[in-house]
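First comes the structure, then the notes that go with it.
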Amino acid sequence: MGTFWNENFDLKPKHSSEEALEKWRKVVGFVKNPKRRFRFTANLSKRYEAAAMRRSNHEKLRIAVLVSKAALQFISGVKPSESDYVVPEEVKAAGFELCAEELGSIVENQDVKKLKIHGGVDGIAEKLSTSTTDGLSSDSGLLNKRQEVYGINKFAEAEAKGFLVFVWEALQDMTLMILGVCALVSLIVGIAMEGWPKGAHDGLGIVASILLVVTRNACRQKMSIYDLLPGDIVHLNIGDQVPADGLFVSGFSVLIDGSSLTGESEPVIVNVDNPFMLSGTKLQDGSCKMMVTSVGMRTQWGKLMATLSEGGDDETPLQVKLNGVATIIGKVGLFFAVVTFAVMVQGLFTSKLQEGTIWSWSGDEALKLLEFFAVAVTIVVVAVPEGLPLAVTLSLAFAMKKMMNDKALVRHLAACETMGSATNICSDKTGTLTTNHMTVVKSCICMDVREVGNNNKASLCSEIPESAVKLLLQSIFTNTGGEIVINKDGKREILGTPTETALLEFGLSLGGDSQAERLASKLVKVEPFNSTKKRMGVILELPEGGLRAHTKGASEIVLAGCDKVINSNGEVIPLDAESINHLNATINQFANEALRTLCLAYMELENGFSPDNAIPVSGYTCIGIVGIKDPVRPGVKESVAICRAAGITVRMVTGDNINTAKAIARECGILTDDGIAIEGPDFREKSQEEMLALIPKIQVMARSSPMDKHTLVRQLRSIDEVVAVTGDGTNDAPALHEADIGLAMGISGTEVAKESADVIILDDNFSTIVTVAKWGRSVYINIQKFVQFQLTVNIVALIVNFSSACLTGTAPLTAVQLLWVNMIMDTLGALALATEPPTDELMKRAPVGKKGNFISNVMWRNILGQSFYQFMVIWYLQVKGKGMFSLDGPDSDLKLNTIIFNSFVFCQVFNEISSRNMEEINVFKGILNNYVFVAVLGCTAVFQVIIIEFLGTFASTTPLTCLQWFVSVFIGFLGMPIAAALKTIPV
């Protein structure tokens, strides 16, 4: 069975091939109710449609590029003719001169000719009643008009299925069609089963609203992506996802990755000549302003997403494995059902042969034959555990909803269960282990080290030579990805990353004027910061003439490109060995105090500069070094200790200086006495054998590039570790993609990082990652509990009915009774056991890892032990029950079968309680914290009383005496001490 299971139902947590997804579906093949079994699996036919649309997009864009080139050559020599486009009256009445369809066709088809005819970007801005500099007016009336004409930036959601759809799908169960009289009961089972998880998924429709910087009313402000309208001017930086279709207005070095839309991996250069930007593509490099032209479902991305959403998410490995379990048990159940039916029919025919009435059939005998068939079919109903795949979905959906409350947005269901097996967490430092609230607290300007505090900033400015202050302020305010703006309330606000914000605040404290500095010189070229170069640079055209380059970044890297320095007198002097040693010592001193260090430098470009060339990396003059404080987050040290106790190794992977990284890692409890801290350049030079020997000891990797992180993850996975990785930058995407669980930062993370991740940590907090691991373990354990409970019911129900049919010719449990048992184990059992909240004890055991068996030896011990007890009790009641309860008369068989049915049900009720913990004897701990569990137990008991006492004819039962009730409940309760005794047996 194990080989069959592994060959056909072993699915990767991520990036499973289409062949693997098709394979297990073919093996499962014939099922009772395909609509219900495959409700929460991917729709592969819709996936193929989406792939075809991507190919079509790729071809359309390829043709559009060729046509654009030809059109450009033609237009450069021929004056554009007048357009025959007619503005619709409703658009004209709203105050615009272009309709949504015309706008969409320009960008989607990359139609250069149409763009020129409409007057280029500026002409389209005018026709949209907007400005490329000031953006839209914030007047609500005008915005509402614009929304009516052009739509909103949201994708249409699929309609939720109504009650009657669930009824129809439940009715398509073949066994329900056969059973007929039992259809109503199973229908209720189907509705109860399908209704709740759907509600849970609806709750998961909450997606963190992405905030973008937009210019409206000549004021830069943060705005939700969903509030964008055609005419808005959006500011995009490296790593951002293009939020709508639009046209490039201005910017530097813009490279667009369109692979998500077209499948084309080669990045496209976007500039004034090729201004078309499509929703869903990503900025691989550069920064720019874009004018929105189409939003929501009018974009090509919107149309693609509509198809993709119908395709659904990949099924998770556990869903597939449990489909495999259901298939195997289903085949066993079908065999038992056929044999049971054959034995019962053979008994009837034998008695009729002995009586000599084989050719004479009464109505009662025909009904008895039909009853035999119903029992056989019902055995199949009970044997095929349709609730197994549902339990996974239910548990995952429940965990996803709860994790959302704990600041973790799960993008892929499989990540929930995989996180429970995680053995390694490779975490960023900045913003994850630290607060990401940065301030400059120390500086080394003009070779002099000074404290930077609120009280001495004025004196600091007076101590630095005026020429150096001017250069420092020019460097801070021009070589930045941030900006100082006046918000709607008239207050000053700094936009940008925490590092940029800290530097800009430092510049303002020195008396700098951001706006004046920016207007004083002209930007010739910008190279934004990225984690590969670890630096940012700009070229300025100075007001007095000449060109100047400014650079800032990782201290050692920028300092290595300097050959001069400004001394304490404000003079530029050569950078000799003594000065280099002094600056390196300062960097180490700052780093040992857990400060993040940045070096600022400049260079006069006396020989001119071409914007087509890269900004130089050497020949600079060092202005100074700043030390930025980023405190460790509260609770991180405790969370790392919890991970260590749980058998999860935490590693810090950061781009910072190694001394800063070591200081923070010690403070967090990550770096221990037997651990190693290594720099990325040293790590990547190691051979494969050296890496494998070193990796188990590495606890800190500093000055690492994204590819170093990717290599570390790949090597860890090669030695069967289950790796979770955090990332926030565009270049972290390969590592996030490679990892078993990719965790992107919700606040500091770029859209590219989030797209590559499985879970988004909404508060960027390491403690939230530990919470995700705890929920992951809870999901895995909860599903194991449910499987243990369900397999016990399966085994007992099958053996009792089969053995009884073979030996006595009748089955003690009727069709309706078995369907009630089926509801207890399928729906109510899944609700009760799959929604158990996590406990702290879960983080005191070792992770399962990749090689752990899902159905463990502990589970088999509990299943077989409990099944044996229940079978022996039921069998004893069948054989000795009449004498034990002094039953006689015509209804003695009915009375005994009712006692057996009642005892069997209460065995399941108490076994459900015992299944709350598979190893601990105390199963009542925290039971009142799970109101769903308590409610399910209460409902089961109440309905059991109703079935026994009031539904006699329908359920083939008869009312019981107090003694008979007591014995039935006691037999069920006795299963609990037996379960406790079983847990003391080592396996």
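Along the sequence shown, the residues carry numbers beginning at 1. Values reported hereafter were calculated over all heavy atoms of this structure, with side chains retained and with hydrogens, waters and symmetry mates removed.
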Handout entry: Verdict with reasoning, E500 to K552, per salt bridge (Lys or Arg N to Asp or Glu O under 4.0 Å)
Key = CA-CA 11 Å; E500 296 284 15; K552 73 175 179 202; 2.6 Å; yes
Problem - Min side-chain heavy-atom separation L128-R146 under 4.5 Å - result: yes
Exercise for the section: Test side chain to side chain contact (heavy atoms under 4.5 Å, CB included) on V112 and F276 and set out the steps. Expected result: CA-CA 9 Å; V112 179; F276 306 105; 4.0 Å; yes
Practice task
Mind listing the closest non-hydrogen atom pair of L523 and F252 along with its distance?
Solution key: CB-CZ, 3.9 Å
Handout entry: CA sep, side-chain torsions, deciding dist, call: H235, D240, side chain to side chain contact (heavy atoms under 4.5 Å, CB included)
Key = CA-CA 10 Å; H235 299 255; D240 286 343; over 6 Å; no
Practice task
Check whether any side-chain N or O of T434 sits under 3.5 Å from a backbone N or O of K429 as a donor-acceptor pair, and report yes or no.
Solution key: yes
Practice task
Kindly indicate whether the side chain of R596, heavy atoms from C-beta on, has any atom under 4.5 Å from the side chain of D630.
Solution key: no
Problem - Interatomic distance, N153 atom CG to D227 atom CG [nearest 0.5 angstrom] - result: 9.0 Å
Handout entry: Neighbour count >12 (heavy atoms, 6.0 Å) for atom CD, E126
Key = no
Handout entry: Polar side-chain atom of R411 near backbone of A757 as donor-acceptor pair, under 3.5 Å
Key = yes
Completion exercise
Of all heavy-atom pairs linking A125 and T132, the shortest is CB-CG2, 3.9 Å
Practice task
Please examine the side chains of T299 and L278, heavy atoms only from C-beta on, and report whether any two atoms are closer than 4.5 Å.
Solution key: no
Exercise for the section: Evaluate side chain to side chain contact (heavy atoms under 4.5 Å, CB included) for E102 paired with H118, printing each intermediate quantity in order. Expected result: CA-CA 10 Å; E102 181 75 357; H118 285 298; 2.9 Å; yes
Problem - T293 (side chain) donor-acceptor with P230 (main chain) under 3.5 angstrom - result: no
Exercise for the section: Find the distance between CE (M403) and CD1 (I761) and round it off to the nearest 0.5 Å. Expected result: 9.0 Å
Exercise for the section: Take D111 and S105 through the side chain to side chain contact (heavy atoms under 4.5 Å, CB included) test and state the conclusion after the steps. Expected result: CA-CA 7 Å; D111 196 326; S105 69; 6.0 Å; no
Fill in the blank from the handout: Between the CE atom in M277 and the SG atom in C288, the distance rounded to the nearest 0.5 Å is 4.0 Å
Problem - P243 vs V234 side-chain heavy atoms within contact, under 4.5 Å - result: yes
Problem - Atom NZ of K533: over 12 foreign heavy atoms under 6.0 Å - result: yes
Handout entry: CD1 (I269) with more than 12 external heavy atoms under 6.0 Å
Key = no
Problem - Side chain to side chain, I117 and K113, heavy atoms closer than 4.5 Å - result: yes
Completion exercise
Smallest heavy-atom separation, D758 atom then A415 atom, equals CB-CB, 3.6 Å
Handout entry: D764 and R633, any side-chain heavy atoms less than 4.5 Å apart
Key = yes
Exercise for the section: Kindly indicate, with the supporting measurements, whether the criterion side chain to side chain donor-acceptor pair (under 3.5 Å) is fulfilled by D406 and T771. Expected result: CA-CA 8 Å; D406 290 336; T771 303; 5.4 Å; no
Handout entry: Distance, nearest 0.5 Å, that separates CG of L103 from CG of L98
Key = 5.0 Å
Exercise for the section: Answer whether the closest heavy-atom distance between the side chains of L229 and V292 falls below 4.5 Å. Expected result: no
Problem - L504 versus G482, closest heavy-atom pair with distance - result: CD1-C, 4.0 Å
Problem - Any donor-acceptor pair under 3.5 Å from S129 side chain to G95 backbone - result: yes
Problem - Donor-acceptor under 3.5 Å (E738 side chain, V713 main chain) - result: no
Problem - Main-chain N/O of Y150 paired with R298 side-chain donor or acceptor, under 3.5 Å - result: yes
Exercise for the section: Considering only NZ, NE, NH1 and NH2 on the basic side and carboxylate oxygens on the acidic side, decide whether K709 and D428 come within less than 4.0 Å. Expected result: yes
Practice task
Step through the shown structure and confirm whether more than 12 heavy atoms of other residues, nucleotides or ligands are within 6.0 Å of NZ on K127.
Solution key: yes
Fill in the blank from the handout: Nearest heavy-atom contact between S294 and A244 is O-CB, 3.2 Å
Handout entry: Main-chain N/O of P611 paired to K525 side chain as donor or acceptor, under 3.5 Å
Key = yes
Practice task
Would you indicate whether the side-chain heavy atoms of L743 and T432 approach each other to under 4.5 Å?
Solution key: no
Practice task
Any chance you could lay out the side chain to side chain donor-acceptor pair (under 3.5 Å) test for T497 and T499, step after step, and finish with the verdict?
Solution key: CA-CA 5 Å; T497 65; T499 306; 4.7 Å; no
Problem - Reported CZ-to-NZ distance for the pair F529 and K534, which is rounded to 0.5 angstrom - result: 6.0 Å
Handout entry: Distance in Å, I760 CD1 paired with D763 CG, rounded so as to fall on 0.5 Å steps
Key = 12.5 Å
Practice task
Compare every heavy atom of F477 with every heavy atom of G507, then report the nearest pair and how far apart it is.
Solution key: C-CZ, 3.5 Å
